[in-house]
Amino acid sequence: ALAAVAYFNITRSRALTGFIRGVVFQEVEQQAENLLSKTVNDSATDANFFFETVADDVSIVTNYVANLLAQEQVLGSGDYWNAQENLIQLPENQWGNSADDPGSVLAPSSFELTDKSASEINTAMLLDLVAPQTLATNPNLKALYYVNPDGVLTYYPNSDLANTLGDYDARTRPYYLAVTPDINPAKEDFWTVPYFDAANKGLIETNSQPVYDEAGNFRGAVAANVDI
């Protein structure tokens, strides 16, 4: 009888130990699952915040460019920066500026330097007043730039693009095409898939947003690059 009782107690103890162990394992697994779920959610929240911050900065600069263009008659005179004096045509017939300027200007070989096109560039160069500061206050941004309908690229920081990229037409790039009126009549912002950046030799994504003037005319795109 004593042996039977002892056997029963041992069996019961083992069963209880197994039950407790199972409960503990279950709790640990649940805790791990909860922690993993929280980590994923936190990462998703951080990622969303990251992309929203970049898009907000691009939106601010887009509105700034639109406001500049609304005052082109005054700002395009060349008092601040004069394209007809400062643009240089390079061997591949692309146009560029000094590497000492705050931003790079790159115009493709198809570009014609006229009074009108110079006025538009002169106006866009007033991005000098906001683009460097925007880059400095948001370290996630690696580059910030404006592409007008003539394919003229005004790019920050100055990377001497005309010499780095050669005869380059930014209007052929997905970030520009995706915000043109035919493809994006809703005027929404656009995120590219990751791609290799020819200027800085790294993997990036780009947020771009369309620029429209007061009359509703499409005036190009503002875009920002972020490292992946």
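One is the number of the first residue; the rest follow in order along the sequence.
Annotation: the span from Gln84 atom CD to Ser117 atom OG amounts to 7.5 Å, rounded to 0.5 Å. Here the straight-line distance linking atom OH of Tyr176 with atom CG of Asn148 works out to 7.0 Å at 0.5 Å rounding. Atom CZ of Arg219 sits about 6.0 Å away from atom OH of Tyr146, to the nearest 0.5 Å. Distance check: Asp167 CG to Leu90 CG gives 10.0 Å after rounding to the nearest 0.5 Å. With rounding to the nearest 0.5 angstrom, the CD atom of Glu72 is 10.5 Å from the CD1 atom of Ile121. Of the inter-residue distances, the one linking Leu113 atom CG with Gln89 atom CD reads 9.0 Å to the nearest 0.5 angstrom.
Each of Asn122, Asp101, Asp128 was checked for a side-chain hydrogen bond (donor to acceptor under 3.5 Å, both in side chains) with Trp81, and the lone residue meeting it is Asp101.
Side-chain contact between Val152 and Trp95 is absent, with no heavy atoms from C-beta onward closer than 4.5 Å. Side chains of Thr154 and Met125 form a contact here, defined as non-hydrogen atoms less than 4.5 Å apart.
Between Glu205 and Asn207, the side chains place no donor N or O within less than 3.5 Å of an acceptor N or O (distance only, hydrogens not considered). Side chains of Asp182 and Thr180: no donor on one and acceptor on the other come within 3.5 Å. In this structure, a donor-acceptor pair under 3.5 Å is present between the side chains of Thr206 and Tyr195. Side chains of Asp57 and Thr134: a donor-acceptor N/O pair is absent below 3.5 angstrom, by distance only.
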Apply ring pair (Phe, Tyr, Trp, His ring centres under 6.0 Å) to residues Tyr175 and Tyr145 and explain how you reach the verdict. CA-CA 11 Å; Tyr175 60 76; Tyr145 45 100; 5.5 Å; yes
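Between Trp191 and Phe51, the angle of the ring planes goes over 60°, which puts this pair in the perpendicular group of the 30/60° scheme.
The local environment of CD in Gln133 is sparse, with at most 12 non-hydrogen atoms from other residues, nucleotides or ligands closer than 6.0 Å.
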